[in-house]
Engineer: 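Below is the structure I would like to discuss, written out as structure tokens.
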Amino acid sequence: MGGRNVLVTGGSRGLGAAIVQSFLDGGDNVTTCSRTPSAEIERWRADRSLIGRFHYDQADLVDRQASTELVHRTFQRFGGVDVLVNNAGLAVEGVLGLVDDDDIDAVIDLNLKATVHTTKLVVRRMLAHGSGRIVNISSIVGLSGYRGLSVYGATKAALDGFTRSLARELGSRGITVNSVAPGYLRTSMTHGLEAAQLDQIARRTPVGRLGEPADVVAAVQFLTSPGASFINGHVLVVDGGLTA
Ligand code: NAP
């Protein structure tokens, strides 16, 4: 494919970084953001073959002004956004009665409110172009739940609801909206889980292991490929069969 203008939120590490790499490998132009740069970001910035194709903006998506500026800078650079991957997310673990109120707000503000806001800005331009692909990274926690992740699970279930309604709203305008719901992946987000918990998840997973970012990247690439133009409003579970 190649040549598409892609915005991936939260591409500094983990799944987001793997998604950014896959679009760069495919010859697309990529903008990503995070609150702090990373070694990965510095590597892409230093790569002369990516000059003009890779852009990084240090931005906190929860800050409405910062996220608005991020989207507008992306429009200025590329003229529009063909593919939006809403990947940035935050998980705070704890049984609900003990969760800090600020943590509840932080999870909802990023996973739900910032995603809706960023999508709103991008969709306006996609509507003017008459085409676009949106992929929301949700989670199987939004489908089947997980003890200690109720707030996170609520935001991810909400994202799938957002996907379905937006798919109905935008399908006739050449824009598809889908969710990818990963199982448990080996990223910094799951570093907080104890080894015994991770072992248990792997044992309960029919394919017998945790997920890797590469497993999810393949789903994102498929949903943004021409062959997936009739897939709209779908939640694609990528969990090795854990919730089957
Ligand atoms: P991660 O390693 O913690 O990476 C999260 C990314 O989002 C980082 O680039 C982070 O950079 C960025 N980010 C966080 N807060 C931000 C903010 N306020 N503004 C801008 N960027 C922000 O997480 P991950 O495991 O790759 O997860 C990626 C997505 O997959 C998330 O939506 C997550 O919910 C979902 N998911 C993960 C798993 C899993 O097991 N790991 C399973 C299912 C779904 P900064 O911190 O520097 O801002």
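In listed order, ligands and their atoms are each counted from 1. Keep in mind the model is a prediction, meaning the values are calculated, not measured.
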Engineer: For R35, enumerate each residue passing the salt bridge (Lys or Arg N to Asp or Glu O under 4.0 Å) test, keeping only those at least two apart in sequence or located in another chain.
Structural biologist: none
Engineer: Of the listed options (R13, M189, E40), which comes nearest to atom 23 (O) of ligand 1 when hydrogens are ignored and any heavy atom counts?
Structural biologist: M189
Engineer: Are any of the N or O atoms of C33 closer than 3.5 Å to those of ligand 1?
Structural biologist: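 No, there is no polar N/O contact under 3.5 Å.
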Engineer: Would you say ligand 1 has an N or O under 3.5 Å from any N or O of L15?
Structural biologist: yes
Engineer: Is there side-chain contact between R133 and L84, with at least one heavy-atom pair below 4.5 Å?
Structural biologist: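 No, side chains not in contact.
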Engineer: Could you tell me whether T36 approaches ligand 1 through its side chain, its backbone, both or neither, with non-hydrogen atoms closer than 4.0 Å?
Structural biologist: both
Engineer: Test of understanding: given a 4.0 Å heavy-atom threshold, classify the contact between S138 and ligand 1 as side chain, backbone, both, or neither.
Structural biologist: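 Contact part for S138 vs ligand 1: backbone (N, CA, C, O).
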Engineer: I'd like to check whether T187 has a polar contact with ligand 1, where a contact means an N/O of the residue lying under 3.5 Å from an N/O of the ligand.
Structural biologist: yes
Engineer: For G10 and ligand 1, does the shortest N/O to N/O distance drop below 3.5 Å?
Structural biologist: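 Yes, G10 has an N/O under 3.5 Å of an N/O on ligand 1.
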Engineer: Are any of the N/O atoms in Y184 less than 3.5 Å from those in ligand 1?
Structural biologist: no
Engineer: Using the test salt bridge (Lys or Arg N to Asp or Glu O under 4.0 Å), find all partners of R124 that sit at least two apart in sequence or belong to another chain.
Structural biologist: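 Result, salt bridge (Lys or Arg N to Asp or Glu O under 4.0 Å) vs R124: none returned.
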Engineer: Under the 3.5 angstrom rule, does the side chain of T205 hit a backbone N or O of G208 as a donor-acceptor pair?
Structural biologist: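 Not confirmed, T205 side chain does not pair with G208 backbone.
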Engineer: With backbone taken as N, CA, C and O and side chain as the heavy atoms from C-beta onward, which portion of A59 lies under 4.0 Å from ligand 1: side chain, backbone, both, or neither?
Structural biologist: backbone
Engineer: Considering only the protein, which heavy-atom contact is closest to atom 30 (O) of ligand 1, and what is its distance?
Structural biologist: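 Result for atom 30 (O) of ligand 1: I137 CG2, 3.3 Å.
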Engineer: Give me the nearest non-hydrogen protein atom to atom 14 (C) of ligand 1 as residue plus atom name, then the distance to 0.1 Å.
Structural biologist: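 Scanning the protein heavy atoms, the shortest distance from atom 14 (C) of ligand 1 goes to R35 NH2, 3.6 Å.
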Engineer: Please report the C-alpha distance between Y184 and Y146 in whole Å, then the side-chain angles of each, then the deciding distance to 0.1 Å, and finally whether the ring-ring contact (aromatic ring centres under 6.0 Å, His included) criterion is met.
Structural biologist: CA-CA 11 Å; Y184 300 88; Y146 195 82; 5.3 Å; yes
Engineer: Do NZ/NE/NH1/NH2 and the carboxylate oxygens of R77 and D57 come within less than 4.0 Å?
Structural biologist: yes
Engineer: Are the charged groups of D215 and R209 less than 4.0 angstrom apart, N to O?
Structural biologist: yes
Engineer: With a heavy-atom distance limit of 4.0 Å, tell me whether L110 approaches ligand 1 through its side chain, its backbone, both, or neither.
Structural biologist: side chain
